[in-house]
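Okay, structure first, notes after.
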Amino acid sequence: MKKRIANAGVFSAIVAFILVVTACSHAPNTSVDNATHSTVGLSQQAVAMPDSYSADAAMQVLQEGGNAIDAAITAQFVLAVTLPEAGNVGGGGFMTIKFEDNTDFLDYREMAPENAHRDMYLDEQGDVKPYESLFGAKASGIPGTVAGMWAAHKKYGTLDWERLLAPAVHLAEQGFVVHEKLANNIARYISRTQEKGINNNFSEYFAQAKAGTTFKQPELAKTLKAIQQQGKDGFYKGDVAKHIVDFMQQNGGLITYEDLLAYKAVWRKPLHLNWQGYELVTAPPPSSGGVAVAQWIGMLEAYDATHDLPAQNSTEYIHVMSEIGKRVFADRAEYMGDPDFVSVPVEALTDANYITQRAADIQPTSISDTPSVKPGLKESEDTTHFSIIDRWGNAVANTTTINLTFGSGVVVTGAGFLLNDEMDDFSAKPGVPNFFGAVGGEANAIEPYKRMLSSMTPTLVTKDDQVVLVTGSPGGTTIISSVTQSLLNALLYDMSAEEAVNSPRFHHQLLPKDTIRMHDGFTEATVNELKAMGYTIDNRRFGDVHLIKRTKEGVEAASEKSGRGKSLVQPY
Ligand code: GLY
């Protein structure tokens, strides 16, 4: 699978941080208006989703003439019902959009409550309290999902909001058949939190969800109906808001009614990168993902300018990508945070000369000295992603999260949804290792109404102004590796969508020192060679890529086999 990069000139103007004007035309939001979309023209439309309920519901919206954003809104709310590990109304996320000739980026990341402060997770000695930013009401940022979906609907929606929410309301009210993997995740979560002595109401809501049985969520159905009937006010005002605030007051949480009213989803300019004749459209800060992907593919290209491009998943490839990972995560820890609070040097971090210079000392066979590179940082493992392309060629890459699997583990009494534990994505104490043994930087310290740094990287790739790839993944910091490698697999190493998502991946993020996380499936020889070089291998799997690839032959969609995803490509 070895392929030379045609223009190995290392990012010369490659990582052009083009702040493209993103004033997208507003489609009407109450009826289908095909005429506004007629320019792109595809005979197929596709969804790549983390479960079958979201896949079927999103495809149905597309078949009814809804656009990719309509389908994304439906999928987001369905996942809040059927994928409680990460799907949510109590969390947040990012949506990267290509609509007609424009690109756009919706930031519906959670925000720290007004009463949050820098040292809120430290004890009297100034040490980080291990579980407080991870479990319970105090771990939650102000949820952004409902405001985000409402903003997406207002700007791009073509079908009725009520219709888009209908599948989620139905699945919560009438129930859905529990997948074995969900039942196992619930059982594992209950036993692990019990072992840790964590006291929460998770079991009360989820213990009865056994594999193959129908699971109903009446309180969640009520919440979704309020959102269906009142739009975002159904969540940030009225009964649902009251349930949230009461729950916070009774359980030591910080979110107030004023916080809920203060929450705003933000439209940002996506990060645009020119690479190999393609244009990547990806996540800007407060995601670290777009900058990290730019650095990763840029340094690989810089390496290729002086060495041959290594074969995909060869020992040299894994080593070189790990060396790049060290440098990427050192920068991430030092410089990245919420751009509304700190100045993030995006242009400098993606500058061609800087990237070339960063890659210059990467050696094909020896590992660089970790302490000489500034340390990387933390994050958790869940989150979920989906990809959509509609008949007009509009596309959505959406990654959404409540942070850890099942978020903070607490369900808002009366409202029936899990709250996020996104506060852990801040640095509880800048410069000091957190619960997971990693560190964060000053730029990501807690401040009222600040958004915590994320790795979510929903990414689109276009060529000649047409979307050729939609990709993304869950997995905390490993998201960046999953996205980078899925796009390299699909576009640089010419794999099909199916191959690109299922080819084994690896991840290196500076710390733990010289440790590579690797999927099963690499050859024994490769693993032994990496060990002989001095690497420690960590076999924990990560990520769940849902990818759509468009070629001359048509559209392919694929969901990683290890998950419970479903992808559909249908003619319309
Ligand atoms: N909570 C995972 C992320 O935002 O990266």
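Numbers here are sequence positions counted from 1. Order of listing sets the numbers, starting from 1, for every ligand and every atom in it.
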Problem - Under 4.0 Å to a heavy atom of T383 - the qualifying atoms of ligand 1, by number - result: 2 (C)
Exercise for the section: Give the atoms of ligand 1, by number and element, whose distance to some non-hydrogen atom of T401 is under 4.0 Å. Expected result: 1 (N)
Practice task
Check if R109 has a non-hydrogen atom at a distance under 4.0 Å from any atom of ligand 1.
Solution key: yes
Handout entry: R109 and D107 ion-paired at < 4.0 Å
Key = no
Problem - SB check K181 E85 (cutoff 4.0 Å) - result: no
Practice task
Using the side-chain contact (heavy atoms from CB on, under 4.5 Å) rule, pick out the option among F542, Y535, F506 that qualifies with M518.
Solution key: F506
Pick one of side chain, backbone, both or neither for how [X] approaches ligand 1, counting any non-hydrogen atom pair under 4.0 Å.
X: T477; answer: neither
X: E422; answer: side chain
X: N403; answer: both

Handout entry: Any donor-acceptor N or O pair under 3.5 Å, side chains N115, H117
Key = no
Exercise for the section: Kindly check if the number of other-residue, nucleotide or ligand heavy atoms within 6.0 Å of NZ (K129) is above 12? Expected result: yes
